[in-house]
Amino acid sequence: MFERIKEILLKNPVIFFSIYFLFSLKPKIEFFVPNIVVFYKYFHYVLMIWGILIALYHYKFMYNFFKNKVYLILIGFFAAIITTVLYNIQYISGESIKTSALTIFVMVIFLPAYQLLSKKYTESQIFKWIFYPSFIFKFFISLASVIMYLFNISIFIIGDNNVLYYAGVRYVELESKKFTLLLYGLYSDPNYAAVYSLTFLFLGFFLWYKVGLKTKVEKVCLSIFIIVELTMFSLSNSRGAELAFYTSVIFYVILMILKMIFHKEQSKLARKIIFQLGAFSLVFMILIQALKVSSFVALEQNNPTKILIINKTNTFLKLSDTSEKEILKQYVDNLNEISLNLNQIKKNTSLAKEDSSTEFGNGRFTIWKDALHLSMNSPLFGFGPAMQKQAASRYPNLNVPEMKAGRAFHNSFVHLFFSFGAVGFLALAIWFINVFFYLSRKIVRDNIQINFIFMGLVALIVASAFLDSIFVNNDYQQMFLYFMLGYLLTTNVSFDRN
């Protein structure tokens, strides 16, 4: 019995990765049940301890894995993180140290995951056992979110320190004085929601075309999932995520052109793939627009339902036109966004996503400028993650208002540089460039069909230019990135398999 438990939990821990991916996808249930964050906290500790035990149990495997020249430079990145903590030890917060440790943790655990599991399980078993539960969980999250959109439900949550959060549909006033719709659903940010959907779409295509679906039930279920997820993606209305998708397609087309130039014997395959990608992109573009229009038509049939939740007093209140401005004016910068009636929605709503401020990028460039300006005061080792306000307070004469306000970076590359400085940034950048150069060359050289996982990773990295979610901490995006990179390297680099 003990040996069987050890086999499942430590030796071949496919269940660990399945549970961790599920946990990383959790929606914002704390909006509705605030006390659940205590459960999240301790459950995450359990997962972290479990992951550390797995690493210790397989210490010889882990040592040999990171000793490999493909991964050796990551030891330099880990050293840079530790140096950053020590360099800023007088100022760095406990939360920042924890985030730094989790950044190492997710790479150490998820990069070797596929190679570790492949000793016991097939490719099909690994992907289906790990990700089928996540597909089911994500399906219900997305379905609930889409239903909130179709029935025109907006939820305003007053959280800790009287911070306002959104769920369901949000109407955002544009610079043109029109309004656009963003589907937050059960997540706190539509851009993150769109990136989640994007990775699942690429993973779904990979399962369909590469791993293979053996039963009609699998095919029907995955087809339904793709439709719901594509709807979620389109209604999130994220320009960055859409740009990331098309960039990944263009990048793959460039690789196929290089294949035709340097491997003429594969020109027929390259032309076929270019045609497939063109058709794929066209269908994607048409479906995105069709889903936006048809969903908005459905939304227009329902009067807006607005619900206020105040976590501190556990208050749930359905707002009326007369009460909402008075109640929310202390929390909302733009009251016009929350006081729209159905007639105003029909007359003054734009499905096109535009900037909601005079600055291109909705203030992102100001944030990036301030972050880089502040970073110049500790260029080699940075300040550590989530240290914007504390770092800015050390330089009171520095004009960096966005950092003093503790604004999120909205850019993973800027976030990485600010957190771990030029040393950490360059170490990780060199590794990523080397890995993607190798994988790109492999695609150009080999006689293979479309690699949807590779495309998904390109899209994720492009999208990370607008989100600070991919290189620091241990969110879903990092887990997906490193697990899939581990898969691609294990299946494409011969000495990794040896």
Side-chain angles (χ1 to χ4, degrees), residues 142 180-183 189-206 208-210 225-260 270-295 350-355 360-362 364-365 410-413 432-433 436-437 439-440 443-444 448-470 477 480-481 484-485 488:
S142 297
T180 193
L181 293 85
L182 302 179
L183 178 57
D189 188 316
N191 294 305
Y192 281 86
V195 171
Y196 290 163
S197 296
L198 190 62
T199 57
F200 270 96
L201 288 170
F202 279 113
L203 182 55
F205 297 138
F206 166 76
W208 192 296
Y209 292 105
K210 175 67 167 63
F225 174 84
I226 287 174
I227 292 170
V228 171
E229 210 57 46
L230 193 59
T231 305
M232 180 73 187
F233 177 84
S234 63
L235 300 183
S236 298
N237 215 1
S238 171
R239 290 180 295 181
E242 291 185 28
L243 174 65
F245 172 83
Y246 295 118
T247 302
S248 71
V249 171
I250 292 169
F251 186 77
Y252 211 92
V253 167
I254 292 172
L255 295 182
M256 292 303 99
I257 293 172
L258 293 175
K259 182 187 284 285
M260 287 191 291
R271 286 194 295 270
K272 176 186 173 184
I273 290 176
I274 290 173
F275 175 79
Q276 289 174 335
L277 290 173
F280 180 57
S281 300
L282 181 62
V283 170
F284 183 87
M285 186 185 304
I286 292 171
L287 282 175
I288 288 294
Q289 297 306 316
L291 288 167
K292 285 182 180 180
V293 172
S294 58
S295 297
S350 169
L351 293 181
K353 181 71 178 293
E354 304 169 20
D355 287 334
F360 179 72
N362 292 332
R364 284 183 171 89
F365 288 105
H410 294 285
N411 185 302
S412 294
F413 303 96
F432 267 100
I433 291 169
F436 273 89
F437 177 77
L439 293 173
S440 299
I443 290 170
V444 170
I448 57 175
Q449 297 297 324
I450 299 174
N451 190 328
F452 284 106
I453 293 295
F454 178 83
M455 287 181 65
L457 295 185
V458 171
L460 182 57
I461 289 175
V462 173
S464 72
F466 309 98
L467 298 169
D468 47 355
S469 64
I470 196 174
Q477 292 94 326
F480 183 90
L481 173 68
M484 295 307 172
L485 277 176
L488 290 177

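The shown structure was predicted, so the numbers you read here are calculated from the model rather than taken from an experiment.
For Lys292 against Leu235, the heavy-atom pair with the smallest separation is CA-CD2, 4.1 Å. In this structure, Ser197 and Glu229 approach most closely via the heavy-atom pair OG-OE2, 2.7 Å. Between Leu485 and Leu439, the closest heavy-atom pair is CD2-CD1, 4.3 Å. When all heavy atoms of Phe284 and Leu230 are compared, the closest pair comes out as CE1-CD1, 3.5 Å. Gln477 approaches Leu460 most closely through the heavy-atom pair O-CD2, 3.7 Å.
Ser236 places no side-chain N or O within 3.5 Å of a backbone atom of Asn191 that could act as its donor or acceptor partner. Remark: side-chain polar atoms of Tyr252 are paired, donor with acceptor, to backbone N or O of Asn451 under 3.5 angstrom. Between the side chain of Thr199 and the backbone N or O of Tyr196, at least one donor-acceptor pair lies under 3.5 Å. Judged by distance alone, the side chain of Asn411 and the main-chain N or O of Ala465 form a donor-acceptor pair under 3.5 Å.
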**OP:** Evaluate the criterion side chain to side chain contact (heavy atoms under 4.5 Å, CB included) for residue pair Val462 and Phe251; output intermediate values, then yes/no.
**Re:** CA-CA 11 Å; Val462 173; Phe251 186 77; over 6 Å; no

Original post:
Under the side chain to side chain contact (heavy atoms under 4.5 Å, CB included) criterion, do Leu457 and Phe480 qualify, and how do the steps go?
Top reply: CA-CA 9 Å; Leu457 295 185; Phe480 183 90; 3.9 Å; yes

**OP:** Kindly determine whether Ile274 and Arg271 satisfy side chain to side chain contact (heavy atoms under 4.5 Å, CB included), including the steps that lead there.
**Re:** CA-CA 5 Å; Ile274 290 173; Arg271 286 194 295 270; 5.5 Å; no

**OP:** Output, in order, the C-alpha distance, side-chain angles, deciding distance and verdict of ring pair (Phe, Tyr, Trp, His ring centres under 6.0 Å) for Phe245 and Phe233.
**Re:** CA-CA 11 Å; Phe245 172 83; Phe233 177 84; 7.3 Å; no

**OP:** Using the side chain to side chain contact (heavy atoms under 4.5 Å, CB included) rule, take Leu183 and Asn237 through it: C-alpha gap first, then chi angles, then the decisive distance, then the call.
**Re:** CA-CA 7 Å; Leu183 178 57; Asn237 215 1; over 6 Å; no

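Using bins of under 30°, 30° to 60° and over 60° for the plane-to-plane angle, the ring pair Phe436/Phe454 lands in the tilted bin. The aromatic rings of Phe452 and Phe280 stand perpendicular to each other, their planes meeting at an angle above 60°, with 30° marking the opposite boundary.
Between the CD1 atom in Ile288 and the CD atom in Glu242 there is a gap of 5.5 Å [rounded to 0.5 Å]. Gln449 CD to Lys210 NZ: the interatomic distance, rounded to the nearest 0.5 Å, is 11.0 Å. Separating the CZ atom in Phe200 from the CD1 atom in Ile226 is a distance of 12.0 Å, to the nearest 0.5 Å. How far CG of Leu291 is from OG of Ser234: 4.5 Å, rounded to the nearest 0.5 Å. Rounding to the nearest 0.5 angstrom, the gap separating the OG atom in Ser238 from the CG atom in Leu467 is 7.0 Å. Ile433 CD1 to Ser440 OG: the interatomic distance, rounded to the nearest 0.5 Å, is 11.5 Å.
With Met455 as the partner, the side chain to side chain contact (heavy atoms under 4.5 Å, CB included) test is satisfied by one option alone out of Thr247, Leu277, Ile443: Leu277.
Residues satisfying the side-chain contact (heavy atoms from CB on, under 4.5 Å) criterion with Ala459, sequence neighbours excluded, are Leu198, Phe202, Ala244, Ser248.
The local environment of OH in Tyr246 is crowded, with over 12 non-hydrogen atoms from other residues, nucleotides or ligands closer than 6.0 Å.
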